[in-house]
Amino acid sequence: MGSLVQAASSMLELIGRTPILRLRRVTAGINANVYAKCEFLNPSGSIKDRMALKMIGEAERNGKLRKGGTIIDATSGNTGPALAFVGSVRGYRTKLLIPAKWTSEYNPQNRIRIMEYFGSQVEAFSTEGYEKLLHGLSASEMSAAVFAIGMKKCHELEKSDLNVWWANQGFNPDNTAAHKETTGMEILEQLDGHIDAWVASIGTGGTILGVAEALREKVAGVRVVGLEPEDARVTEWYRSGSMQKYMAAVGLPPAKSIVEVMLEKSPPDEVWTVKDDDARAMMNRLCREEGLFCGMSSGANVYAALKVAKNLGAGRNVVTVLVDRRDRYFPESPREHYVI
């Protein structure tokens, strides 16, 4: 008698289709429902697996990434491990650039280890030579300028070698498409379209915009709340023109970011700043009260989702995402930092 074998043929097939969980204990006293999509269960440990798979697949289809090629990008958090994971399974080399110094407590040691375990070359880039540009900047403006410097280094690497492809996560529309086509559609299916609010960190913009577009096409009146760290106020970078200024100062060609597209076509109804202490406290509660081993962005997301839910009645639904695993922040403990 024959048997039907059900097995994935690649770890890439396990990206997405993550479960969604109704939070129970941290929502005590709140009448509305708060749902968290468990993106930390993706293979490399974060939501970024989705965009890495989509961006690399599209680059292959349009001929920008070819056999024997190298994938590069600058990263401060989860994009690097995701690109290293998907790139290694696809058979590519990866080189990820990490800021040697961020603007606050920041220790990417465990993220670097993950990238290296997946076979990536990791390079800490310095801001040497840009002292005049960085002089006197606030913490948030410093983050924007460092981001631009990292982009410049990637741009130079891509221009110098035809076998190098720059993923350029913050400006690549396939980042947004990944979440519109998968994350957003899964949320709609899992909650049967009953969604009143969508709450998420902004970061490079792909997750919040892609999901918002998917939800708004199917559900009227969905409230969208975007979140930012205190020292990386991304929307302000673009609204004020600072990011464009820093890009021009380091010699990058003009380009429109995902955040700019979001602000033009599908902006959040509100943008909130979340403090490290609030994100950290909620991260700890999620682990101890809900059994969710997730990181700082997840803590920020749930902290804000609860604030939204407090103003809604019974039967209303707020949805957010648990972005990544907590262990990649261990070297910063007990002062983990909420990064973009």
Side-chain angles (χ1 to χ4, degrees), residues 10-13 15-16 42-99 108 111-112 114-125 146-183 203-207 209-210 243 246-247 250-261 340:
S10 165
M11 282 298 290
L12 301 182
E13 294 177 16
I15 294 173
N42 277 297
S44 86
S46 90
I47 194 170
K48 297 291 187 177
D49 285 0
R50 293 180 185 264
M51 75 161 192
L53 181 63
K54 176 69 173 179
M55 293 191 304
I56 289 172
E58 292 301 318
E60 290 172 333
R61 278 186 277 277
N62 62 33
K64 292 181 179 179
L65 182 57
R66 296 175 292 275
K67 185 177 180 180
T70 298
I71 300 164
I72 63 168
D73 211 347
T75 176
S76 63
N78 292 313
T79 296
L83 288 173
F85 156 59
V86 177
S88 69
V89 176
R90 291 280 213 209
Y92 300 108
R93 291 184 292 273
T94 55
K95 180 175 182 177
L96 288 315
L97 306 183
I98 296 259
R111 274 96 85 191
I112 291 172
I114 296 168
M115 296 180 227
E116 291 178 338
Y117 289 154
F118 280 123
S120 179
Q121 177 186 354
V122 182
E123 177 182 311
F125 69 86
V146 170
F147 192 73
I149 292 167
M151 288 175 59
K152 172 64 172 177
K153 293 180 183 295
C154 289
H155 177 67
E156 290 173 342
L157 286 170
E158 185 181 52
K159 286 193 68 176
S160 68
D161 189 339
L162 292 176
N163 286 320
V164 169
W165 171 69
W166 176 22
N168 200 8
Q169 56 171 320
F171 291 72
N172 190 329
D174 292 319
N175 180 349
T176 306
H179 296 291
K180 183 175 182 179
E181 295 169 5
T182 67
T183 322
T204 57
T207 300
L209 176 58
M243 193 67 197
Y246 298 135
M247 288 173 62
V250 301
L252 283 166
K256 182 170 287 188
S257 71
I258 295 170
V259 173
E260 288 174 283
V261 172
I340 58 171

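One is the number of the first residue; the rest follow in order along the sequence. Computed over heavy atoms, backbone and side chain alike; hydrogens, waters and symmetry mates excluded.
By the salt bridge (Lys or Arg N to Asp or Glu O under 4.0 Å) test, Glu58 pairs with Lys54, Arg61, sequence neighbours left out. The salt bridge (Lys or Arg N to Asp or Glu O under 4.0 Å) search around Arg111 returns Glu332, not counting sequence neighbours. With sequence neighbours excluded, the residues that form a side chain to side chain contact (heavy atoms under 4.5 Å, CB included) with Ala52 are Ala82, Leu83, Val86. Contacts of Lys256 classified as salt bridge (Lys or Arg N to Asp or Glu O under 4.0 Å), with partners at least two apart in sequence or in another chain: Glu264. Every residue was checked against the ring pair (Phe, Tyr, Trp, His ring centres under 6.0 Å) condition with Phe171, not counting sequence neighbours, and none meets it. By the side-chain hydrogen bond (donor to acceptor under 3.5 Å, both in side chains) test, Lys95 pairs with Glu123, sequence neighbours left out. Scanning for side chain to side chain contact (heavy atoms under 4.5 Å, CB included) contacts around Ser120 gives Ala84, Thr94, Leu96, Met115, Val122, with sequence neighbours left out. A search for salt bridge (Lys or Arg N to Asp or Glu O under 4.0 Å) contacts involving Glu60 returns Arg90, not counting sequence neighbours. Taking the side chain to side chain contact (heavy atoms under 4.5 Å, CB included) definition, one finds that Ile258 meets it with Asn175, Thr176, Leu209, sequence neighbours left out.
Rounded to the nearest 0.5 Å, atoms CG (Asp174) and NZ (Lys180) are 13.0 Å apart. With rounding to the nearest 0.5 Å, the separation of CZ in Phe147 from CE in Met247 is 9.0 Å. The OG1 atom of Thr204 sits 5.5 Å away from the CE atom of Met51 when rounded to the nearest 0.5 Å. With rounding to the nearest 0.5 Å, the separation of CG in Asp49 from CD1 in Ile15 is 4.5 Å. Between the NE2 atom in His155 and the CD1 atom in Ile72 there is a gap of 10.5 Å [rounded to 0.5 Å].
Scanning all heavy atoms of the two residues, the minimum distance from Ile114 to Pro81 falls at CG2-CB, 3.7 Å. Between Gly87 and Ile71 the shortest heavy-atom distance is CA-CD1, 3.9 Å. Here the shortest heavy-atom pairing between Val146 and Pro99 reads CG1-CB, 4.0 Å. Listed here is the closest heavy atom pair of Ala148 and Val250: O-CG2, 3.8 Å. When every heavy atom of Asn78 is checked against every heavy atom of Ser46, the shortest pair comes out as CB-OG, 3.4 Å.
For residues 63-86, the pairs satisfying ring-ring contact (aromatic ring centres under 6.0 Å, His included) are Phe85-Phe118, with sequence neighbours left out. Within the structure, the salt bridge (charged side-chain N to carboxylate O under 4.0 Å, His left out) test picks out no pair touching residues 62-88 (sequence neighbours left out).
Looking at Gln121, its side chain never comes within 3.5 Å of a backbone N or O of Leu97 through a donor-acceptor pair. The main-chain N or O of Thr75 is never found under 3.5 Å from a side-chain atom of Thr79 such that the two would form a donor-acceptor pair.
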Which pairs would a plain distance check flag for residues 157-164, meaning a side-chain donor or acceptor within less than 3.5 Å of a matching protein atom at least two apart in sequence or in another chain?
unit_1: Glu158; atom_1: OE2; unit_2: Trp166; atom_2: N; d: 3.1
unit_1: Ser160; atom_1: OG; unit_2: Glu156; atom_2: O; d: 3.3
unit_1: Ser160; atom_1: OG; unit_2: Leu157; atom_2: O; d: 2.9
unit_1: Asp161; atom_1: OD1; unit_2: Asn163; atom_2: N; d: 2.9

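Judged purely by distance below 3.5 Å, without hydrogens or angles, the side chains of Ser10 and Glu13 never pair a donor atom with an acceptor atom.
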Going through the checks in order, is the side-chain contact (heavy atoms from CB on, under 4.5 Å) test met by Ile149 and Phe125?
-> CA-CA 9 Å; Ile149 292 167; Phe125 69 86; 4.1 Å; yes
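Side-chain atoms of Tyr92 and Leu65, non-hydrogen and from C-beta on, do get closer than 4.5 Å to each other. Contact of the Arg50 side chain with the Thr183 side chain is registered, since non-hydrogen atoms from C-beta on lie closer than 4.5 Å.
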